[in-house]
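Just so you know, residue 1 is the first one in the sequence shown, and it goes up from there. Values reported hereafter were calculated over all heavy atoms of this structure, with side chains retained and with hydrogens, waters and symmetry mates removed.
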Amino acid sequence: MILVTGATGHVGRPLTQMLVDAGAQVRAVSRAPEKAALPPSVEVVPNTDPPLDGVEAVFINLAALPEGPEKIVARAKEAGVRRLVGLSSYSVLDDNPRNAIAVRHRELERVVVDSGLEWVLLRPAGGFATTALEWRDQIRERGVVRGPFARAHSAPLHEKDIAEVAALALLTDKLLGTRPMFSGPESVTYEERARLIGEALGREIVFEEISAEEAVEEWVRAGIPLGAARARIHMFAQLVDRPHEISPLEPITGKRGRTFAQWAIDHVGDFR
(Lines give C-alpha, C1' and ligand atoms only; values in the text may rest on other atoms or scores of the structure.)
Protein backbone atom coordinates (compact mmCIF):
# COMPACT_ATOMS: atom_id res chain seq x y z
CA MET A 1 0.00 0.00 0.00
CA ILE A 2 1.24 3.48 -0.90
CA LEU A 3 -0.01 6.58 0.91
CA VAL A 4 -0.12 9.73 -1.24
CA THR A 5 -0.49 13.06 0.53
CA GLY A 6 -1.95 15.89 -1.53
CA ALA A 7 -3.51 13.26 -3.79
CA THR A 8 -5.90 15.67 -5.50
CA GLY A 9 -3.22 18.31 -6.13
CA HIS A 10 -1.37 19.07 -9.35
CA VAL A 11 1.27 16.37 -8.75
CA GLY A 12 -0.71 14.04 -6.51
CA ARG A 13 -3.55 13.40 -8.95
CA PRO A 14 -1.43 12.19 -11.89
CA LEU A 15 0.83 10.32 -9.46
CA THR A 16 -2.14 8.47 -7.99
CA GLN A 17 -3.33 7.50 -11.47
CA MET A 18 0.15 6.28 -12.45
CA LEU A 19 0.40 4.14 -9.31
CA VAL A 20 -3.03 2.62 -9.96
CA ASP A 21 -2.08 1.95 -13.59
CA ALA A 22 1.03 0.14 -12.31
CA GLY A 23 -1.14 -2.12 -10.15
CA ALA A 24 -0.32 -0.56 -6.78
CA GLN A 25 -2.78 -0.22 -3.91
CA VAL A 26 -3.17 3.46 -3.10
CA ARG A 27 -4.51 5.29 -0.06
CA ALA A 28 -5.07 8.90 -1.06
CA VAL A 29 -5.10 11.78 1.42
CA SER A 30 -7.46 14.64 0.60
CA ARG A 31 -8.85 17.70 2.37
CA ALA A 32 -12.25 16.90 0.82
CA PRO A 33 -12.52 13.11 0.27
CA GLU A 34 -16.10 13.40 -0.96
CA LYS A 35 -14.92 15.54 -3.89
CA ALA A 36 -11.70 13.67 -4.70
CA ALA A 37 -12.93 12.02 -7.94
CA LEU A 38 -10.06 9.51 -7.97
CA PRO A 39 -10.10 6.00 -9.52
CA PRO A 40 -12.58 3.62 -7.82
CA SER A 41 -9.83 1.33 -6.50
CA VAL A 42 -8.25 4.17 -4.49
CA GLU A 43 -9.02 4.40 -0.77
CA VAL A 44 -9.58 8.11 -0.06
CA VAL A 45 -9.07 9.35 3.50
CA PRO A 46 -9.16 12.80 5.16
CA ASN A 47 -5.89 14.61 5.83
CA THR A 48 -6.25 14.52 9.61
CA ASP A 49 -4.02 11.69 10.87
CA PRO A 50 -4.51 9.41 7.84
CA PRO A 51 -4.35 5.70 8.73
CA LEU A 52 -0.99 4.08 8.07
CA ASP A 53 -1.83 0.44 8.68
CA GLY A 54 -0.50 -1.69 5.84
CA VAL A 55 1.34 1.24 4.26
CA GLU A 56 4.81 0.48 2.92
CA ALA A 57 5.66 3.82 1.31
CA VAL A 58 4.55 7.43 1.78
CA PHE A 59 4.70 10.29 -0.70
CA ILE A 60 5.17 13.51 1.26
CA ASN A 61 4.08 16.79 -0.30
CA LEU A 62 4.69 19.76 2.02
CA ALA A 63 1.91 21.74 0.36
CA ALA A 64 -0.53 19.21 1.81
CA LEU A 65 1.04 19.34 5.30
CA PRO A 66 0.65 22.84 6.74
CA GLU A 67 1.91 21.61 10.11
CA GLY A 68 5.20 20.38 8.60
CA PRO A 69 6.63 16.89 8.01
CA GLU A 70 7.60 15.86 11.54
CA LYS A 71 4.27 14.36 12.57
CA ILE A 72 3.64 12.18 9.55
CA VAL A 73 7.26 10.98 9.48
CA ALA A 74 7.10 10.02 13.17
CA ARG A 75 3.79 8.21 12.63
CA ALA A 76 5.16 6.44 9.56
CA LYS A 77 8.17 5.18 11.48
CA GLU A 78 5.96 3.95 14.33
CA ALA A 79 3.63 2.19 11.87
CA GLY A 80 6.45 0.28 10.18
CA VAL A 81 6.45 2.19 6.90
CA ARG A 82 9.51 1.20 4.86
CA ARG A 83 10.03 4.15 2.47
CA LEU A 84 9.53 7.91 2.35
CA VAL A 85 9.54 9.88 -0.89
CA GLY A 86 9.59 13.63 -0.28
CA LEU A 87 8.76 16.32 -2.81
CA SER A 88 11.54 18.77 -2.03
CA SER A 89 12.92 21.60 -4.17
CA TYR A 90 16.21 22.65 -5.73
CA SER A 91 15.81 25.85 -3.68
CA VAL A 92 17.45 23.95 -0.80
CA LEU A 93 20.76 24.82 -2.48
CA ASP A 94 20.12 28.48 -1.56
CA ASP A 95 21.34 28.98 2.01
CA ASN A 96 19.76 32.44 2.34
CA PRO A 97 17.76 32.23 5.63
CA ARG A 98 15.19 34.65 4.16
CA ASN A 99 14.30 32.16 1.44
CA ALA A 100 11.24 30.66 3.14
CA ILE A 101 10.77 28.00 0.46
CA ALA A 102 14.35 26.77 0.88
CA VAL A 103 14.11 26.74 4.68
CA ARG A 104 10.92 24.63 4.65
CA HIS A 105 12.32 22.10 2.21
CA ARG A 106 15.65 21.80 3.99
CA GLU A 107 13.69 20.90 7.11
CA LEU A 108 11.72 18.30 5.12
CA GLU A 109 14.95 16.75 3.87
CA ARG A 110 16.47 16.68 7.36
CA VAL A 111 13.42 15.02 8.91
CA VAL A 112 13.17 12.41 6.15
CA VAL A 113 16.86 11.47 6.19
CA ASP A 114 17.00 11.40 10.01
CA SER A 115 14.02 9.01 10.11
CA GLY A 116 16.28 6.03 9.39
CA LEU A 117 13.80 4.77 6.78
CA GLU A 118 14.49 4.28 3.09
CA TRP A 119 14.20 7.64 1.38
CA VAL A 120 14.22 9.56 -1.89
CA LEU A 121 14.07 13.36 -2.04
CA LEU A 122 12.92 14.85 -5.32
CA ARG A 123 14.40 18.24 -6.22
CA PRO A 124 12.43 19.65 -9.16
CA ALA A 125 14.26 22.64 -10.64
CA GLY A 126 13.01 25.38 -12.88
CA GLY A 127 9.61 25.77 -11.25
CA PHE A 128 6.25 24.13 -11.79
CA ALA A 129 4.44 24.94 -15.03
CA THR A 130 1.21 24.93 -13.01
CA THR A 131 2.14 28.26 -11.43
CA ALA A 132 0.87 29.76 -14.70
CA LEU A 133 -2.63 28.81 -13.57
CA GLU A 134 -2.41 31.92 -11.37
CA TRP A 135 -2.97 33.83 -14.63
CA ARG A 136 -6.29 32.10 -15.37
CA ASP A 137 -8.63 34.94 -14.51
CA GLN A 138 -6.42 37.60 -16.12
CA ILE A 139 -6.26 35.66 -19.38
CA ARG A 140 -9.96 34.85 -19.40
CA GLU A 141 -11.07 38.40 -18.62
CA ARG A 142 -8.45 40.63 -20.26
CA GLY A 143 -6.03 38.61 -22.37
CA VAL A 144 -3.24 40.28 -20.39
CA VAL A 145 -0.90 38.84 -17.78
CA ARG A 146 0.50 41.14 -15.07
CA GLY A 147 3.71 40.12 -13.40
CA PRO A 148 7.27 41.11 -12.47
CA PHE A 149 10.44 40.46 -14.45
CA ALA A 150 9.08 39.63 -17.91
CA ARG A 151 12.56 38.49 -19.02
CA ALA A 152 13.18 36.17 -16.06
CA HIS A 153 13.93 32.65 -17.25
CA SER A 154 12.79 29.31 -15.89
CA ALA A 155 12.66 25.72 -17.13
CA PRO A 156 9.10 24.86 -16.04
CA LEU A 157 8.18 21.27 -15.30
CA HIS A 158 4.97 19.59 -16.40
CA GLU A 159 3.29 18.07 -13.34
CA LYS A 160 3.13 14.68 -15.10
CA ASP A 161 6.92 14.60 -15.34
CA ILE A 162 7.24 15.25 -11.59
CA ALA A 163 4.67 12.52 -10.96
CA GLU A 164 6.59 10.05 -13.13
CA VAL A 165 9.78 10.56 -11.11
CA ALA A 166 7.79 10.17 -7.88
CA ALA A 167 6.21 6.94 -9.15
CA LEU A 168 9.65 5.60 -10.05
CA ALA A 169 10.89 6.42 -6.54
CA LEU A 170 7.89 4.72 -4.93
CA LEU A 171 7.72 1.60 -7.09
CA THR A 172 11.40 0.79 -7.72
CA ASP A 173 14.74 0.91 -5.91
CA LYS A 174 16.44 2.90 -8.68
CA LEU A 175 16.52 6.21 -6.79
CA LEU A 176 16.95 5.03 -3.19
CA GLY A 177 19.07 7.35 -1.07
CA THR A 178 19.34 10.00 -3.76
CA ARG A 179 18.19 13.57 -4.31
CA PRO A 180 17.49 13.64 -8.05
CA MET A 181 17.31 17.14 -9.53
CA PHE A 182 15.45 17.62 -12.80
CA SER A 183 13.97 20.51 -14.75
CA GLY A 184 11.80 21.11 -17.77
CA PRO A 185 13.54 20.60 -21.12
CA GLU A 186 13.65 24.26 -22.19
CA SER A 187 14.43 27.66 -20.67
CA VAL A 188 11.61 30.14 -21.32
CA THR A 189 10.91 33.64 -20.02
CA TYR A 190 7.67 34.60 -18.33
CA GLU A 191 6.86 36.73 -21.36
CA GLU A 192 7.30 33.64 -23.54
CA ARG A 193 5.04 31.61 -21.24
CA ALA A 194 2.23 34.08 -21.88
CA ARG A 195 2.86 33.90 -25.63
CA LEU A 196 2.79 30.08 -25.61
CA ILE A 197 -0.50 30.01 -23.72
CA GLY A 198 -1.84 32.42 -26.33
CA GLU A 199 -0.71 30.12 -29.12
CA ALA A 200 -2.49 27.20 -27.47
CA LEU A 201 -5.64 29.33 -27.20
CA GLY A 202 -5.33 30.71 -30.71
CA ARG A 203 -5.22 34.35 -29.60
CA GLU A 204 -2.62 36.89 -28.48
CA ILE A 205 -1.82 37.07 -24.77
CA VAL A 206 0.23 40.10 -23.66
CA PHE A 207 2.59 40.16 -20.66
CA GLU A 208 2.41 43.47 -18.78
CA GLU A 209 5.42 43.96 -16.50
CA ILE A 210 4.79 45.41 -13.03
CA SER A 211 7.17 46.29 -10.20
CA ALA A 212 8.35 43.76 -7.63
CA GLU A 213 6.47 45.65 -4.91
CA GLU A 214 3.20 45.51 -6.86
CA ALA A 215 3.69 41.80 -7.50
CA VAL A 216 4.22 41.00 -3.81
CA GLU A 217 1.08 42.94 -2.89
CA GLU A 218 -0.99 41.12 -5.52
CA TRP A 219 0.31 37.67 -4.51
CA VAL A 220 -0.38 38.31 -0.83
CA ARG A 221 -3.93 39.44 -1.68
CA ALA A 222 -4.30 36.18 -3.61
CA GLY A 223 -3.38 34.20 -0.49
CA ILE A 224 0.36 33.57 -0.94
CA PRO A 225 2.24 34.00 2.38
CA LEU A 226 4.40 37.12 2.49
CA GLY A 227 7.61 35.14 3.04
CA ALA A 228 6.92 32.92 0.04
CA ALA A 229 6.05 35.95 -2.11
CA ARG A 230 9.33 37.66 -1.20
CA ALA A 231 11.26 34.44 -1.87
CA ARG A 232 9.74 34.27 -5.35
CA ILE A 233 10.72 37.87 -6.06
CA HIS A 234 14.27 37.15 -4.91
CA MET A 235 14.41 34.13 -7.22
CA PHE A 236 12.88 35.93 -10.24
CA ALA A 237 15.29 38.88 -9.92
CA GLN A 238 18.29 36.55 -10.22
CA LEU A 239 16.92 34.96 -13.41
CA VAL A 240 16.43 38.07 -15.58
CA ASP A 241 18.19 37.57 -18.94
CA ARG A 242 19.83 34.40 -17.60
CA PRO A 243 18.72 31.19 -19.36
CA HIS A 244 17.94 28.51 -16.79
CA GLU A 245 20.32 25.58 -16.54
CA ILE A 246 18.65 22.41 -17.79
CA SER A 247 18.75 19.29 -15.64
CA PRO A 248 17.46 16.70 -18.10
CA LEU A 249 14.89 14.10 -17.19
CA GLU A 250 16.24 11.42 -19.54
CA PRO A 251 18.84 9.95 -17.13
CA ILE A 252 16.07 9.38 -14.59
CA THR A 253 13.02 8.26 -16.57
CA GLY A 254 14.54 7.56 -19.98
CA LYS A 255 12.24 10.14 -21.59
CA ARG A 256 12.54 13.78 -22.55
CA GLY A 257 10.49 16.11 -20.38
CA ARG A 258 7.32 17.75 -21.66
CA THR A 259 7.72 21.34 -22.89
CA PHE A 260 5.79 24.34 -21.61
CA ALA A 261 4.10 24.52 -25.01
CA GLN A 262 2.78 20.99 -24.39
CA TRP A 263 1.66 21.98 -20.91
CA ALA A 264 -0.25 24.95 -22.35
CA ILE A 265 -2.03 22.66 -24.82
CA ASP A 266 -2.89 20.19 -22.05
CA HIS A 267 -4.35 23.02 -19.95
CA VAL A 268 -6.04 25.10 -22.63
CA GLY A 269 -9.43 24.46 -21.00
CA ASP A 270 -8.24 26.20 -17.82
CA PHE A 271 -7.74 29.46 -19.68
CA ARG A 272 -10.95 29.52 -21.74
Problem - Donor-acceptor contact present, side-chain Thr5 to main-chain Asn61, <3.5 Å - result: yes
Handout entry: 4.5 Å side-chain heavy-atom contact, Phe182 and Pro248
Key = no
Exercise for the section: In plain terms, say whether Arg232 and Glu134 are close enough for a salt bridge, that is, a side-chain N and a carboxylate O under 4.0 Å apart. Expected result: yes
Handout entry: Same apolar cluster: Leu168 and Leu176, side chain cutoff 4.5 Å
Key = yes
Handout entry: Approximate separation, where rounding is to 0.5 Å, of Gln17 CD and Leu38 CG
Key = 8.5 Å
Problem - Under 3.5 Å donor-acceptor, Ser187 side chain and His244 backbone - result: yes
Exercise for the section: Output yes when Asp161 and Lys255 qualify as a salt bridge under the 4.0 Å nitrogen-oxygen rule, no when they do not. Expected result: no
Practice task
For Pro148 and Ala212, work out which heavy atoms get closest and say how close.
Solution key: CB-CA, 4.5 Å
Problem - Lys77 and Asp114 ion-paired at < 4.0 Å - result: no
Problem - Note: Glu191-Arg195 ion pair, threshold 4.0 Å (strictly below) - result: no
Problem - Shortest non-hydrogen contact between Ala129 and Arg193, atoms and distance - result: O-NH1, 4.2 Å
Exercise for the section: Taking Thr253 for its side chain and Glu250 for its backbone only, find out whether a donor-acceptor pair lies under 3.5 Å. Expected result: no
Exercise for the section: Report yes if the side chains of Arg203 and Ile139 come closer than 4.5 Å at any heavy-atom pair, otherwise no. Expected result: yes
Exercise for the section: Might you confirm whether atom CZ of Arg242 has over 12 heavy atoms from other residues, nucleotides or ligands at distances under 6.0 Å? Expected result: no
Handout entry: Backbone N/O of Asp270 and side chain of Arg140: donor-acceptor pair under 3.5 Å
Key = yes
Exercise for the section: Answer yes if Leu249 and Val188 sit in the same cluster of Ile, Leu, Val, Met, Phe, Trp and Tyr residues linked by side chain heavy atoms under 4.5 Å apart, and no otherwise. Expected result: no
Exercise for the section: Check the hydrophobic clustering (I, L, V, M, F, W, Y; side-chain heavy atoms under 4.5 Å; chains of links allowed) and say if Val268 and Leu196 are grouped together. Expected result: yes
Exercise for the section: Supply the atom-to-atom distance His153 NE2 to Asp241 CG, rounded to the nearest 0.5 angstrom. Expected result: 6.0 Å
Problem - Test of ring centre spacing under 6.0 Å for Tyr190 and Phe236 - result: yes
Fill in the blank from the handout: When every non-hydrogen atom of Ala194 is compared with those of Ile205, the smallest separation belongs to O-CB, 3.4 Å
Exercise for the section: Starting from Ile265, walk the hydrophobic network (Ile, Leu, Val, Met, Phe, Trp, Tyr; side-chain heavy atoms closer than 4.5 Å) and list everyone else you reach, by chain and number. Expected result: none
Exercise for the section: Flag the pair Arg83 and Asp173 as a salt bridge only when some basic side-chain nitrogen lies within less than 4.0 angstrom of an acidic carboxylate oxygen. Expected result: yes
Practice task
Hey, could you give me the CD/CZ distance between Glu209 and Arg146, rounded to the nearest 0.5 Å?
Solution key: 11.5 Å
Practice task
Identify the heavy atoms of Phe260 and Ala132 that sit nearest to each other, and give their distance.
Solution key: CZ-CB, 4.0 Å
Practice task
Working to the nearest 0.5 Å, report the span between OG1 of Thr130 and NE2 of His158.
Solution key: 9.5 Å
Fill in the blank from the handout: Minimal heavy-atom distance between Leu157 and Ala125, with the atoms involved, is CD1-O, 3.5 Å
Problem - Over all atoms of both residues, closest heavy-atom pair of Ile224 and Ala229 - result: CG2-N, 3.9 Å
Problem - Cluster link Val206 to Ile210, ILVMFWY, side chain under 4.5 Å - result: no
Exercise for the section: Determine yes or no for a side-chain-to-main-chain donor-acceptor pair under 3.5 angstrom, with Glu192 supplying the side chain and Thr189 the backbone. Expected result: yes
Completion exercise
Rounding to 0.5 Å, atoms CD1 (Ile162) and CZ (Arg258) come to a distance of 10.5 Å
Practice task
Report the C-alpha distance between His267 and Glu159 in whole Å, list the side-chain angles of each, state the deciding distance to 0.1 Å, and finish with yes or no for side-chain contact (heavy atoms from CB on, under 4.5 Å).
Solution key: CA-CA 11 Å; His267 288 268; Glu159 63 273 15; 2.7 Å; yes
Handout entry: Carboxylate-amine/guanidinium contact Glu107 Arg110, below 4.0 Å
Key = yes
Completion exercise
Rounded to the nearest 0.5 Å, the CD1 atom of Ile2 sits from the OG1 atom of Thr16 at a distance of 9.5 Å
Practice task
Kindly give the cluster partners of Val58, where membership spreads through any ILVMFWY side chain lying under 4.5 Å from a current member.
Solution key: Met1, Leu3, Val29, Val45, Leu52, Val55, Ile60, Leu62, Leu65, Ile72, Val73, Val81, Leu84, Leu108, Val111, Val112, Val113, Leu117, Trp119, Leu121
Exercise for the section: Not counting sequence neighbours, which residues clear ring-ring contact (aromatic ring centres under 6.0 Å, His included) with His234? List them please. Expected result: none
Handout entry: Neighbour count >12 (heavy atoms, 6.0 Å) for atom CZ, Arg179
Key = yes
Practice task
Without swapping roles, check the side chain of Arg75 against the backbone of Pro50 for a donor-acceptor pair under 3.5 Å.
Solution key: yes
Handout entry: Any donor-acceptor pair under 3.5 Å from Ser183 side chain to Ser247 backbone
Key = yes
Handout entry: Flag side-chain contact, heavy atom, 4.5 Å: Gln25 against Glu56
Key = no
Handout entry: Residues, nucleotides or ligands: over 12 heavy atoms within 6.0 Å of Glu214 CD
Key = yes
Practice task
Decide if atom CZ of Arg230 counts as having more than 12 heavy atoms of other residues, nucleotides or ligands within a radius under 6.0 Å.
Solution key: no
Practice task
Count the heavy atoms of every other residue, nucleotide or ligand shown that sit under 6.0 Å from CD of Glu34, and state whether that count exceeds 12.
Solution key: yes
Problem - N-O pairing of Glu109 and Arg123 below 4.0 Å - result: yes
Problem - pair Met181-Leu122: side-chain heavy atoms closer than 4.5 Å - result: no
Handout entry: Criterion side-chain contact (heavy atoms from CB on, under 4.5 Å) against Phe59, the qualifying member of Leu19, Val120, Val26, Leu87
Key = Leu87
Problem - Over 12 non-hydrogen atoms of neighbours within 6.0 angstrom of CD in Glu245 - result: no
Practice task
Check the hydrophobic clustering (I, L, V, M, F, W, Y; side-chain heavy atoms under 4.5 Å; chains of links allowed) and say if Trp135 and Phe128 are grouped together.
Solution key: no
Practice task
Identify whether the distance between the nearest side-chain nitrogen and carboxylate oxygen of Arg136 and Glu141 falls below 4.0 Å.
Solution key: no
